[in-house]
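Here's the structure we're looking at; comments come further down.
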Amino acid sequence: MAYQQRLKVDDLEQMIKADTYSHRTSLPNNFFKAIPDKTLALRTLQMFKDSYLLDYINVEDIDVSDPIDVDENVIESQIVMNIKNFIMTFGKSFTYKGHQVHYDKFGHDHWIDLLFLNRELQSLVVVELKKGQFKPSYLGQLAAYLRILDDDERLPGENPSVGIILCKKADKAYVDYVLQDYLKPMGVATYQHMQNRLRELLPPEEEMKRLISEN
């Protein structure tokens with residue numbers, strides 16, 4: 001009996017680990033192509049999830065009548081206000097360096113939404129926020145930021161900078177396809193805030209009305 005109980009516990013632990021690994025390795029990315037050190041590439045992949053619940057961002061608490069009006073600036077300001085929670089969402093190895101970090105290159109202004117240092121990877125990490133569907137043009141913008149960071153900010157001994165696009169929706173197969181020709185390590189993750197998550201958990205509107213009328 002004790003053996004059977006132990007077996008069930010072991011099986012459960014393995015399932016949890018397998019699910020965690022799957023969730024951590026389903027991020028669309030080009031890490032294994034862009035990072036020559038395959039061990040580092042794997043560690044980088046395991047550092048990020050494919051989707052994040054920003055449950056401390058509640059659209060009801062923001063003065064916006066329609067969730068579609070919630071743009072990148074609103075999400076960014078909420079993240080900055082809750083930066084400790086955001087770091088915990090990503091992982092304890094992240095150190096916050098700033099938001100809307102400005103770089104001037106050849107007279108052109110560049111503004112990085114969120115900049116971190118990951119101590120485990122020894123890499124600068126850019127997080128670019130996008131309110132809607134993934135667009136290929138986001139990768140070009142992110143690649144430029146990573147080039148500037150590697151040239152102007154990265155210290156000797158640090159690994160190449162890593163970029164994550166955090167958008168509302170993304171077709172993983174399409175993202176993997178368009179990532180193939182980029183040489184900077186990048187991935188694309190999605191996010192949800194509180195109101196969207198509640199909508200998923202609640203029954204459809206008609207079902208809600210039926211349940212209320214029955215009670």
Side-chain angles (χ1 to χ4, degrees), residues 23-31 34-35 40-41 43-57 70-103 109-154 158-170 172 175-176 178-179 182-194 196:
H23 193 52
R24 286 282 180 181
T25 56
S26 58
L27 173 83
N29 69 92
N30 66 346
F31 297 152
I35 302 175
L40 178 60
R43 285 167 53 203
T44 304
L45 177 57
Q46 293 173 333
M47 190 61 62
F48 302 100
K49 295 186 289 187
D50 66 321
S51 182
Y52 294 91
L53 175 61
L54 307 183
D55 55 358
Y56 44 86
I57 297 178
V70 179
D71 63 12
E72 292 96 330
N73 293 332
V74 173
I75 298 296
E76 181 183 325
S77 65
Q78 289 289 302
I79 286 176
V80 172
M81 288 173 59
N82 297 275
I83 195 65
K84 290 184 179 179
N85 290 331
F86 185 78
I87 290 175
M88 290 300 293
T89 301
F90 264 67
K92 294 182 179 180
S93 297
F94 289 86
T95 300
Y96 175 62
K97 292 184 67 67
H99 68 283
Q100 289 302 309
V101 182
H102 176 249
Y103 290 93
D109 290 317
H110 301 270
W111 301 89
I112 293 176
D113 284 349
L114 296 165
L115 183 60
F116 300 89
L117 174 67
N118 185 278
R119 290 176 293 125
E120 185 175 335
L121 299 177
Q122 282 299 294
S123 298
L124 292 167
V125 176
V126 175
V127 177
E128 281 296 300
L129 299 168
K130 303 298 178 184
K131 72 172 183 178
Q133 182 81 25
F134 165 81
K135 297 179 182 179
S137 58
Y138 297 158
L139 297 176
Q141 178 188 34
L142 185 56
Y145 293 166
L146 296 177
R147 165 58 64 189
I148 293 169
L149 286 175
D150 284 343
D151 287 348
D152 297 355
E153 194 72 27
R154 181 167 59 136
E158 289 184 346
N159 292 309
S161 304
V162 176
I164 299 293
I165 293 172
L166 194 57
C167 55
K168 200 67 174 50
K169 297 179 182 179
K172 293 183 179 181
V175 174
D176 276 327
V178 296
L179 268 171
Y182 284 89
L183 302 179
K184 293 294 183 182
M186 297 184 287
V188 177
T190 58
Y191 69 87
Q192 293 178 311
H193 46 69
M194 181 61 75
N196 295 107

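Quick caveat, the model's predicted, so the values are computed rather than measured. Each residue takes its place number in the sequence, starting with 1.
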Minimum-distance pair of heavy atoms, taken over all atoms of [X] and [Y]:
X      : Y      : answer
Val188 : Cys167 : CG1-SG, 3.9 Å
Pro185 : Leu146 : O-CD1, 3.6 Å
Tyr103 : Glu153 : OH-OE1, 3.0 Å
Leu121 : Asn159 : O-ND2, 2.7 Å
Leu27  : Gly187 : CD2-CA, 4.2 Å
Ser123 : Pro160 : OG-O, 3.2 Å

So do [Y] and [X] actually touch side chain to side chain, heavy atoms under 4.5 Å?
X      : Y      : value
Met47  : Val125 : no
Leu166 : Lys130 : no
Asn29  : Phe48  : no
Ile164 : Met186 : no
Lys169 : Gln133 : yes
Thr44  : Val162 : yes

Asp109 and His102: side-chain donor and acceptor closer than 3.5 Å?
-> yes
Pairwise salt bridge (Lys or Arg N to Asp or Glu O under 4.0 Å) hits with a residue in residues 135-147, at least two apart = Arg147-Asp151
Pair Phe94-Arg119, side-chain contact (heavy atoms from CB on, under 4.5 Å): steps then yes or no | CA-CA 6 Å; Phe94 289 86; Arg119 290 176 293 125; over 6 Å; no
Can you label the angle between the Phe134 ring and the Tyr138 ring as parallel, tilted or perpendicular, going by 30° and 60°?
-> perpendicular
